[in-house]
Amino acid sequence: MSTQQDNIFQQIISHAKEYGFVFPSSEIYDGLSAVYDYGPYGSELKKNIREYWWKSMTQLHDNIVGIDAAIFMHPTTWKASGHIDNFSDPMIDNKDSKKRYRVDHLIEAKADTLAQEGKKEEEFALLQKMDNLLAAEDFDGLKQLILDNNITCSVSGTANWTDIRQFNLMFKTEFGAVAADNPDDNIVYLRPETAQGIFVNFLNVQKTARMKIPFGIAQTGKAFRNEIVARQFIFRMREFEQMEMQFFVRPGTEAEWYKFWKEERLNWHLSLRLPKEKYRYHDHIKLAHYAKEACDIEFEFPIGFKEVEGIHSRSNFDLSQHQQYSRKKQQYFDNDINPATGKPYGNYIPYVIETSIGLDRMFLLILSNAYEEEKITKEDGSTDSRVVLHIPAKIAPVKLAILPLLKKDGLPEIAQELLASCKPYFKCFYEEKDAIGKRYRRQDAIGTPFCVTIDHQTKEDNTVTIRYRDSMQQERIPISKVKQLVLEAI
Ligand code: ATP
């Protein structure tokens, strides 16, 4: 990452704190590493992103329904899903600095450096070797790769590395008040993904909502991972929120549905008018043994291209595992006629395409893309600057600021009337204090797309000045049109 990009990232973090978007958790006690709280504008923005996703999944797709499963699940869930045995990352420690790294991150950082030096082929070769070694779980080979490429610790500057070891990322806690004879009997896990809550409810949902394959189940909710390398603000947290959808399909159709969801999900991002050139797919070379295909949707954050969402073709792995461990059938009876046999497709365990996006990462994406320190040249030639968040109007925390020019002459009364008529429909902000220019700047800084000013002319002809955040253009429109204008934009 260049210093300039690093600076922008730091400015975004400060801005998020100063304007009530994101605070470090329990800050008065100096915070808790990789845990964050969302403030007044942050919680609005986060809720709006969640709702936008939820609506696009469960309202715009007739064959997707939602659930809200508990965070605690029966511990066998995690045995069946493979998380107890496999949900770990290979890590390596530097013996001099005692700093611990995720092996893939360490090698990827080296690859980034090669790319910045214009050594594209070397970068590609390094990543290719890493993927192959990770796929083969060849830890000795990975360590050798680190040594051969002279990869050193950023703190100590040395290549004095330990062997590579696996660390499980699940948080454990104890369940119930009575200590069991065997303490392991009381252990439950904080879910590391929301998906398993969907799998174990597959038949409950299919039967009660009378769903026919292909259909999907969507869920948003908290997930917890004891990330070893937890930095980069809300990009990698220990407590975060996921928005996941499992789409159940007939075996043999998974390739076409994978393709469908890969495109559909990128289109969802683009429907927020986010720049296409900042997106790319990263197809996985290293696949989990059960996976058929997998890719990440990556976005160009100020810290480089990074994953924001995963699309995975997971075969029937999860449902088969739950069938085996619970000894309860997880099958679906498909009475559609198979043209090859002339008979119904019959019983099978469906295949699954998963789309999984981190809500906090999407939040960071929106914030990084929206943030601009803009230089303004005024009509008289003088210059000024402003910090503006170009948040898409649909998800902006506040949609409309209503600003009486003066605190007298009946202007606040007119403004209050407008506020009363708009606030049942969308989030408004009312303010009388300070010069109008200052008030505009504060709204720019939280990303409010529209401001209206009520002045003396309003009393004469019922018009107001509306100011557009991105262009800073102003025009007069009838006060009666304000609500409709905002509703159309959002
Ligand atoms: P990464 O490689 O970044 O660790 P992952 O491949 O483990 O991510 P998945 O298990 O596929 O991630 O989770 C789906 C999504 O959940 C990710 O695309 C990301 O947006 C989000 N996510 C995963 N881990 C975290 C985290 N620690 N903090 C915030 N969001 C996360």
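Atoms within a ligand are numbered from 1 in the order they appear, just like the ligands themselves. Small disclaimer: the values here were computed from a predicted structure and weren't measured.
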Q) Is it true that K222 and E241 have a side-chain N and a carboxylate O under 4.0 angstrom from each other? A) no

Q) With sequence neighbours excluded, what pairs up with Y345 under the ring pair (Phe, Tyr, Trp, His ring centres under 6.0 Å) test? A) none

Q: Considering only NZ, NE, NH1 and NH2 on the basic side and carboxylate oxygens on the acidic side, decide whether D336 and K212 come within less than 4.0 Å.
A: yes

Q: Return the orientation label for the F248 and F199 ring planes: parallel under 30°, perpendicular over 60°, tilted otherwise.
A: perpendicular

(Q) Tell me which residues fall inside the under-4.0 Å heavy-atom shell around ligand 1. (A) R102, R225, E227, F235, R236, M237, F240, Q242, E307, V308, E309, G310, H312, S356, G358, R361

Q | Side-chain donor-acceptor pair present, H312, E354, cut-off under 3.5 Å | A | yes

Q) Is there a side-chain contact between F72 and L190 (heavy atoms, below 4.5 Å)? A) yes

